[in-house]
Amino acid sequence: MLRGDLEGPELEEYVQSRIITTTLDKAVAWARGNAMFPATFGLACCAIEMMSIVAARVDVARFGFEAFRASPRQADLLILSGRVSIKMAPVVRRIYDQMLEPKWAIAMGACSSSMGVFNNYAIVPADKFMPVDVHVPGCPPRPEALMHGILKLRQQIQLDPALGWRARYGATDTVEVLPDEGEQLLARADELTVMEPGEPKGA
């Protein structure tokens, strides 16, 4: 029997077995979750483990994550692979801010997650200065552990495709101070601290 000769329940069954319906939002979330572009960015020893996920043993290319980008403006995933010092934290945050929305971050290793064995004044956990979506424990974590974190992030993107970290974390009231606004605030503060004529110092 030719396909054009199908009628009734047979035709309906044939069509249902070959057509998939979905929404545009779900299709975009599926595509976004299977085509992440991590930034080429490593901080310490965890970066060696991160590099090995593109090798044959783990082969992150199976899920479309192998295209590491050298520019933050072409990346949407920042893997913090290693310890973050207080001096390095503003640099990392600037790289994260230069990435286009929607963007995600993975804190890889004990150092970037909870300061790890370097529990001193020089190291700061990543979620203290930027939003982190997935924490991967270990010192250092194996490539399979990072792969597990990537798959968890992929699941999160496909099931809850909310754009922007403000919407994901309920931080709608947080606003960055622009440079010109910061100068205005400093000027206002200087005006408030100006002493009156004849006022003694320390009054």
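Just so it is clear, the values below take in all heavy atoms, side chains as well, and ignore hydrogens, waters and symmetry mates. Predicted model only: the values in this text are computed from it and were never measured.
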Grab the two heavy atoms, one from [X] and one from [Y], that are nearest each other, plus how far apart they are.
{"X": "I53", "Y": "L146", "result": "CG2-CD2, 3.8 Å"}
{"X": "V124", "Y": "K128", "result": "CG2-CB, 3.9 Å"}
{"X": "F68", "Y": "A39", "result": "CD2-O, 3.7 Å"}
{"X": "P131", "Y": "A105", "result": "O-CB, 3.6 Å"}
{"X": "I157", "Y": "M36", "result": "CD1-SD, 3.7 Å"}
{"X": "F37", "Y": "D76", "result": "N-OD1, 2.8 Å"}

Linked, directly or transitively: [X] and [Y] (ILVMFWY side chains, under 4.5 Å):
{"X": "L78", "Y": "M88", "value": "yes"}
{"X": "V54", "Y": "V136", "value": "yes"}
{"X": "F41", "Y": "V91", "value": "yes"}

Say you draw a straight line from [atom1] of [X] to [atom2] of [Y]; how long is it, rounded to the nearest 0.5 Å?
{"X": "S114", "Y": "D127", "atom1": "OG", "atom2": "CG", "answer": "9.0 Å"}
{"X": "F63", "Y": "M147", "atom1": "CZ", "atom2": "CE", "answer": "4.0 Å"}
{"X": "C45", "Y": "R83", "atom1": "SG", "atom2": "CZ", "answer": "6.0 Å"}
{"X": "I150", "Y": "M108", "atom1": "CD1", "atom2": "CE", "answer": "8.5 Å"}
{"X": "Q98", "Y": "S71", "atom1": "CD", "atom2": "OG", "answer": "7.5 Å"}

Determine whether a donor-acceptor pair (N or O, by modelled atom type, separation under 3.5 Å) exists between the side chain of [X] and the backbone of [Y].
{"X": "K103", "Y": "M99", "answer": "yes"}
{"X": "S112", "Y": "L80", "answer": "yes"}
{"X": "N34", "Y": "G64", "answer": "no"}
{"X": "R93", "Y": "F129", "answer": "yes"}
{"X": "S113", "Y": "P137", "answer": "no"}

Check your understanding: Is any side-chain heavy atom of P143 closer than 4.5 Å to a side-chain heavy atom of R57?
Key -> no
Check your understanding: Is the closest side-chain heavy-atom distance between S81 and E49 below 4.5 Å?
Key -> no
Would you say that more than 12 heavy atoms from the other residues, nucleotides or ligands in this model lie under 6.0 Å from the [atom1] of [X], or not?
{"X": "R62", "atom1": "CZ", "result": "yes"}
{"X": "E12", "atom1": "CD", "result": "no"}
{"X": "E144", "atom1": "CD", "result": "yes"}

Exercise for review: Give the C-alpha distance, both sets of side-chain angles, the deciding distance and a yes or no for side-chain contact (heavy atoms from CB on, under 4.5 Å) between V134 and W104.
Suggested key: CA-CA 9 Å; V134 176; W104 296 272; over 6 Å; no
Review point. Can you check side-chain contact (heavy atoms from CB on, under 4.5 Å) on Q156 and L153, steps first, answer last?
Key: CA-CA 5 Å; Q156 175 183 342; L153 177 62; 4.1 Å; yes
Point to revise | Step-by-step side-chain contact (heavy atoms from CB on, under 4.5 Å) determination, D133 to I106 | key: CA-CA 6 Å; D133 297 284; I106 294 178; 5.9 Å; no
